[in-house]
A.B. asks: 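Pasting a structure below so you can have a look.
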Amino acid sequence: MQKIGVFGGSFNPIHRGHIAMALCALDAFSLQKMLLLPTGNPPHKREGLADKRDRLEMVRLAALEDARLQACDLEVTRGGVIYTVDTLHLLRARMPDASLYYLIGADTLLDLHTWRHVDEVLSLTSFIVCGRPGYGSEEVISCMDTLRQSGAVMYWLDMPALDISATMVRALAAQKGPLEKAVTAKVAAYIRNHALYGA
């Protein structure tokens, strides 16, 4: 049975921290590939969001870093508000024999209870949780334990925290600063060539 990672997010833009997290999960859990899934019309994050086609193209460019990374347009090509539960059902239909591992940060873990049909989400995929600066380990461990008690499959991804955020990249772009330390060279070129984030 194939083990497929799913890494969803606004990727506004995708940066080296995202890539490091995806590669670490691939290695730590022996996953065959990691689907990088930019959101199309997310219910929570809209302000300052680059066009979904631009975000998808940046994800495609970033995925060139490793053959196991694969851009997935499943949420970008759908209309309406996109919910993870619907995406997981579509992925299950496409890959009925695969085990899905959804990669999230600790900040997302603590918001999981707000997701649409969260019990259904927890039945469709396992979760790999990665630490985030500013999120205490006790709170995160307690949340994971609570979810496990309700039948969720939760794994912890042990990796050093990287001090990179999409907010930082957008600020650098607006200041016409150097982007290559925060994003791959191809993504940096795309941001500049398409004048994204004020670049």
Side-chain angles (χ1 to χ4, degrees), residues 2-42 44-46 48-78 82 84 87 91 94-95 100-108 125 127-133 157 159-199:
Q2 269 203 320
K3 295 166 72 177
I4 307 296
V6 182
F7 189 5
S10 55
F11 295 129
N12 190 38
I14 189 166
H15 54 68
R16 291 190 185 277
H18 293 132
I19 299 300
M21 192 169 154
L23 295 179
C24 187
L26 279 160
D27 292 336
F29 296 95
S30 303
L31 308 179
Q32 276 72 51
K33 65 181 170 183
M34 179 69 71
L35 302 178
L36 301 172
L37 194 71
T39 51
N41 187 18
H44 303 298
K45 247 187 225 182
R46 294 193 185 160
L49 202 59
D51 185 85
K52 60 186 180 181
R53 290 173 291 271
D54 286 318
R55 290 183 291 109
L56 175 62
E57 188 54 33
M58 288 188 283
V59 166
R60 281 190 178 130
L61 292 169
L64 298 173
E65 294 291 297
D66 191 290
R68 296 170 297 170
L69 299 175
Q70 182 181 319
C72 180
D73 67 0
L74 199 57
E75 295 198 345
V76 167
T77 53
R78 277 158 54 211
I82 308 299
T84 301
T87 300
L91 288 172
R94 287 185 181 187
M95 301 179 291
L100 300 180
Y101 294 76
Y102 206 101
L103 179 60
I104 58 173
D107 52 338
T108 303
T125 183
F127 278 89
I128 299 172
V129 183
C130 183
R132 288 291 298 271
L157 179 63
M159 68 172 282
L162 295 175
D163 192 20
I164 304 173
S165 70
T167 305
M168 178 197 303
V169 178
R170 294 194 298 271
L172 269 172
Q175 296 157 14
K176 313 293 190 284
L179 298 172
E180 281 76 8
K181 283 188 177 177
V183 300
T184 68
K186 286 183 172 66
V187 172
Y190 189 92
I191 289 171
R192 291 193 189 99
N193 292 340
H194 292 78
L196 298 180
Y197 314 117

A.B. asks: So, do Asp73 and Val59 sit near enough that their side-chain heavy atoms are less than 4.5 Å apart?
C.D. replies: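 Side-chain contact under 4.5 Å: no.
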A.B. asks: Could you give the distance from OG1 (Thr84) to CG (Leu91), rounded to the nearest 0.5 Å?
C.D. replies: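 Interatomic distance, Thr84 OG1 to Leu91 CG, rounded to 0.5 Å: 10.0 Å.
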A.B. asks: Which atom names give the shortest non-hydrogen contact between Ile164 and Gly17, and what distance separates them?
C.D. replies: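 For Ile164 and Gly17, the tightest heavy-atom pair comes out as CD1-N, 3.9 Å.
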A.B. asks: Roughly how far, to the nearest 0.5 Å, is CD1 of Ile4 from OG1 of Thr125?
C.D. replies: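 Taking OG1 in Thr125 and CD1 in Ile4, the distance rounds to 11.0 Å.
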A.B. asks: Just how far is it from atom CG of Leu74 to atom CZ of Arg94, taken to the nearest 0.5 Å?
C.D. replies: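 The CG atom of Leu74 sits 4.5 Å away from the CZ atom of Arg94.
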A.B. asks: Could you report the tightest heavy-atom contact between Pro38 and Val76, atom names first, then the distance?
C.D. replies: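 For Pro38 versus Val76, the nearest heavy atoms are O-CG2, 3.6 Å.
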A.B. asks: What closest approach, in Å, do Ala62 and Ile19 show between heavy atoms, and which atom pair accounts for it?
C.D. replies: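 Shortest heavy-atom contact: CB-CD1, 3.8 Å.
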A.B. asks: Is a side-chain donor or acceptor of Arg16 paired with a backbone partner of Val183 at a separation under 3.5 angstrom?
C.D. replies: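 Yes.
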A.B. asks: Are a donor atom and an acceptor atom from the side chains of Thr87 and Glu75 found within less than 3.5 Å of each other?
C.D. replies: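 Side chains of Thr87 and Glu75: pair found under 3.5 Å.
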A.B. asks: Measure the shortest side-chain to side-chain distance between Pro13 and Leu196 over non-hydrogen atoms and say whether it is less than 4.5 angstrom.
C.D. replies: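 Counting from C-beta outward, Pro13 and Leu196 never come under 4.5 Å.
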A.B. asks: Can you name the nearest heavy-atom pair linking Lys3 to Gln32, along with the distance?
C.D. replies: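 Nearest heavy atoms, Lys3 then Gln32: N-OE1, 2.5 Å.
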A.B. asks: What pair of heavy atoms forms the shortest contact from Met168 to Asp163, and how long is it?
C.D. replies: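 Closest heavy-atom pair between Met168 and Asp163: CE-O, 3.0 Å.
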A.B. asks: Taking all heavy atoms of Ala22 and all of Met34, pick out the closest pair and write down the distance.
C.D. replies: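 Smallest heavy-atom distance, with atoms named: O-CE, 3.8 Å.
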A.B. asks: Walk me through whether Arg68 and Asp27 qualify under salt bridge (Lys or Arg N to Asp or Glu O under 4.0 Å).
C.D. replies: CA-CA 10 Å; Arg68 296 170 297 170; Asp27 292 336; 2.7 Å; yes
A.B. asks: Please name all residues satisfying side-chain hydrogen bond (donor to acceptor under 3.5 Å, both in side chains) with Gln175, sequence neighbours left out, ordered by chain then number.
C.D. replies: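 Here no residue qualifies.
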A.B. asks: With side chains defined as the heavy atoms from C-beta onward, is the minimum distance between Tyr197 and Asn12 less than 4.5 Å?
C.D. replies: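 Yes - at least one pair of side-chain heavy atoms lies under 4.5 Å apart.
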A.B. asks: Drop me the distance from Leu157's CG to Ile104's CD1, to the nearest 0.5 angstrom.
C.D. replies: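 Spacing of CG (Leu157) from CD1 (Ile104) equals 11.0 Å.
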A.B. asks: Answer yes when Arg60 and Glu65 have at least one side-chain N-carboxylate O distance shorter than 4.0 Å, and no when they do not.
C.D. replies: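 Salt bridge: no.
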A.B. asks: Please work out whether the ring planes of Phe7 and Phe11 are parallel, tilted or perpendicular, with thresholds of 30° and 60°.
C.D. replies: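 Aromatic pair Phe7/Phe11 classed perpendicular.
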A.B. asks: Drop me the distance from Leu100's CG to Gln2's CD, to the nearest 0.5 angstrom.
C.D. replies: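 Rounded to the nearest 0.5 Å, the CG-CD separation comes to 10.5 Å.
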A.B. asks: Quick check for you: to the nearest 0.5 Å, what is the distance between Thr184 atom OG1 and Met58 atom CE?
C.D. replies: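 Reported value, rounded in 0.5 Å steps: 10.0 Å.
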